[in-house]
Amino acid sequence: MKIKIAASILAANPLRLEEDVTKAQDAGVDLIHVDIMDGHFVPNLTMGPFIVAGLKRIASVPMGLHLMVEHPSRFITPFREVANDGDFFEFHIESKDDPREVIRLAREAGFRTAISLNPPTHPSRVEELLGEVDMLLVMSVNPGFAGQKFIPEVLPKLRHLRDIAPEGLDIEIDGGITEKNVALAAREGANVIAAASAIFKAPDPTQAVKDLRRLAQEASKLVVERG
Ligand code: DX5
Ligand code: ZN
C-alpha cells in the first residue's frame with residue numbers, strides 16, 4: 001500500500017503556521033493533520049473552525065480533521081463550512097454520538113470519514129464500521145498532547161485490524177511516531193503516518209518527512225516479500 005505522511009500541526013509554530021504548513025507541503029506530505037480538542041474528551045483545547053478556515057487558503061493537500069471531542073456531530077457543519085471537499089472528518093468511537101449517524105452526516109456533508117480508537121479501546125468496537133469509513137485511525141498515545149511516548153502495546157491491535165480490514169483501507173497511526181518506531185507501525189499495517197514532533201521539531205523537517213516515508217516504505221515492502 002502507498003505510504004502517506006500526515007503532518008500534524010500540533011507541534012508547528014502557532015505564530016508561523018503558514019510557513020510551517022508550506023514547508024511540510026513542499027516536503028511532499030500527503031495530508032495536513034489538524035488536532036481539534038474540546039477540553040472535555042481530552043484535557044486540552046486547540047484549534048477550531050477559525051484556524052481551519054485559514055489553513056484552507058493554503059492547503060494544497062487534503063486536511064485530516066482529527067476531532068478529539070465529545071460530540072463530533074455538533075461540529076460537522078461548522079467545520080464543513082471551512083473545509084475542502086474530501087477533507088477527512090476523523091472522530092472517535094469513544095465519543096458520545098452514534099458513530100453510524102456521524103459517518104452518515106459527515107459523508108452527506110461532503111467529508112471523507114475516519115473512525116479512531118484510543119489505546120485502551122478494544123478493536124471489536126470498530127470492527128463493524130470498517131466497511132463504512134474511508135480510513136481507520138489507530139491512536140498510539142492517549143490523545144491530548146503532542147510529544148508523548150509511543151505505546152507499543154497497540155501494535156497487535158493494529159495488526160489485527162489490518163488483517164480484518166477491507167482491502168486497501170487506509171490505516172493511520174497517530175502518536176509518538178519517530179524514526180525509531182515508524183517501521184514497527186508500518187510493518188503491522190499502518191500506511192498513513194501522522195507525526196507532529198518528528199516533523200516540526202526536527203532540525204530539518206524536509207529531511208524528516210523523507211526519512212519517515214523511506215523507513216515506512218521499506219518496512220511495508222518487507223511484509224509483502226515475506227508474504
Ligand atoms: C495527540 C494528537 C496527535 C499528536 C501527535 O493527541 O492526536 O496527532 O499531535 O504528536 P506527536 O507526533 O508529537 O506524538
Ligand atoms: Zn491527531
Side-chain angles (χ1 to χ4, degrees), residues 3-14 17 20-21 23-24 27 29-48 51-52 55 59 61-70 72 75 79 83 87-95 111-121 126 133-155 158 170-186 190-203 205 208-209 211-213 215-216:
I3 297 292
K4 299 175 192 167
I5 305 293
S8 162
I9 60 171
L10 197 53
N13 181 340
L17 208 45
D20 279 4
V21 169
K23 205 185 283 175
V29 300
D30 303 275
L31 290 156
I32 298 296
H33 181 101
V34 187
D35 287 310
I36 294 156
M37 307 186 188
D38 67 351
H40 294 277
F41 186 78
V42 289
N44 197 2
L45 285 166
T46 53
M47 294 162 259
I51 296 290
V52 175
L55 290 169
V61 295
M63 289 189 276
L65 307 182
H66 179 194
L67 285 109
M68 290 156 274
V69 305
E70 261 180 13
F75 294 100
F79 279 111
D87 283 347
F88 288 87
F89 193 83
E90 310 180 5
F91 71 101
H92 276 257
I93 191 69
E94 303 87 358
S95 78
F111 277 118
R112 286 186 279 180
T113 58
I115 188 77
S116 178
L117 77 172
N118 284 336
T121 301
V126 298
V133 287
D134 302 286
M135 184 153 75
L136 166 69
L137 168 53
V138 176
M139 291 306 299
S140 41
V141 297
N142 287 304
F145 301 90
Q148 302 185 77
K149 203 171 157 314
F150 181 78
I151 299 173
E153 286 78 12
V154 305
L155 290 170
L158 172 62
D170 279 328
I171 301 187
E172 180 174 24
I173 186 89
D174 181 20
I177 292 291
T178 66
E179 288 172 16
K180 294 211 166 71
N181 57 33
V182 66
L184 294 176
N191 72 300
V192 182
I193 309 297
S197 311
I199 294 176
F200 291 109
K201 301 286 186 208
V209 169
D211 290 343
L212 288 171
R213 191 190 299 284
L215 291 162

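Ligands are counted one by one from 1 in listed order, and the atoms in each one are counted from 1 as well. Quick note: numbers below take in every heavy atom, side chains included, and nothing from hydrogens, waters or symmetry partners.
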Sole candidate of Leu55, Leu10, Thr46, Val21 that passes side-chain contact (heavy atoms from CB on, under 4.5 Å) when paired with Val34: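 It is Leu55, the one option of Leu55, Leu10, Thr46, Val21 that forms the side-chain contact (heavy atoms from CB on, under 4.5 Å) with Val34.
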Identified side-chain contact (heavy atoms from CB on, under 4.5 Å) counterpart of Ile5 within the set Ile199, Leu31, Val192: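 Of the listed residues Ile199, Leu31, Val192, the side-chain contact (heavy atoms from CB on, under 4.5 Å) partner of Ile5 is Ile199.
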Thr121 backbone acceptor or donor facing Asn118 side chain under 3.5 Å: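 Here the side-chain-to-backbone pair does not exist.
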Side-chain donor or acceptor of Gln148 paired with backbone N/O of Asn142 under 3.5 Å: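 Yes; judged by distance alone, with no hydrogens or angles, the pair exists.
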Nearest-contact summary for [atom] - protein heavy atom, Å:
atom	value
atom 10 (O) of ligand 1	Ala196 CB, 3.3 Å
atom 1 (C) of ligand 1	Phe145 O, 3.6 Å
atom 4 (C) of ligand 1	Asp35 OD2, 3.7 Å

Quick check on contacts: which atoms of ligand 1 are under 4.0 angstrom from a heavy atom of [X]?
X	value
Gly175	14 (O)
Gly144	1 (C), 6 (O)
Pro143	6 (O)
Met37	6 (O)
Asp174	2 (C), 3 (C), 4 (C), 5 (C), 7 (O), 8 (O)
Met139	7 (O)
Ser197	11 (P), 12 (O), 13 (O)
His66	7 (O)

Where Val69 and Asp38 come nearest, the two heavy atoms and their spacing: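 Answer, listing the atom of Val69 first, then Asp38: CA-OD2, 3.2 Å.
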Minimum-distance pair of heavy atoms, taken over all atoms of Ala195 and Leu212: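 Nearest pair, atom of Ala195 first, then Leu212: CB-CD1, 4.1 Å.
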For Arg112, all residues meeting side-chain hydrogen bond (donor to acceptor under 3.5 Å, both in side chains), sequence neighbours excluded: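 Counting only residues at least two positions away or on another chain, Arg112 forms no side-chain hydrogen bond (donor to acceptor under 3.5 Å, both in side chains).
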With respect to the Zn ion (ligand 2), what is the nearest N, O or S atom of [X]?
X	answer
His66	ND1
Asp174	OD2
Asp35	OD1

Test item, Gly176 contacting ligand 1 (heavy atom, 4.0 angstrom):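 Right, Gly176 reaches ligand 1.
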Whether Ala195 lies under 4.0 Å from ligand 1, heavy atom: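 Contact check Ala195 vs ligand 1: positive.
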Stepwise side-chain hydrogen bond (donor to acceptor under 3.5 Å, both in side chains) check, His33 with Glu172: CA-CA 11 Å; His33 181 101; Glu172 180 174 24; 3.1 Å; yes
From CA spacing to verdict: side chain to side chain contact (heavy atoms under 4.5 Å, CB included), Arg213, Asp30: CA-CA 11 Å; Arg213 191 190 299 284; Asp30 303 275; 3.1 Å; yes
Contact (N/O only, under 3.5 Å) between His33 and ligand 1: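 Between His33 and ligand 1 (N or O atoms, distance only) the closest approach is under 3.5 Å.
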Contact check: Met68 vs ligand 1, nitrogen or oxygen atoms, below 3.5 angstrom: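 Checking ligand 1 against Met68, no N or O pair falls under 3.5 Å apart.
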Ring geometry between Phe89 and Phe111 (parallel below 30°, tilted from 30 to 60°, perpendicular above 60°):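 Taking Phe89 first and then Phe111, their aromatic rings sit tilted (interplane angle of 30° to 60°).
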Shortest heavy-atom approach to atom 11 (P) of ligand 1 - which of Ala12, Ala198, Ala11, Gly147: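 Among Ala12, Ala198, Ala11, Gly147, the closest heavy atom to atom 11 (P) of ligand 1 comes from Gly147.
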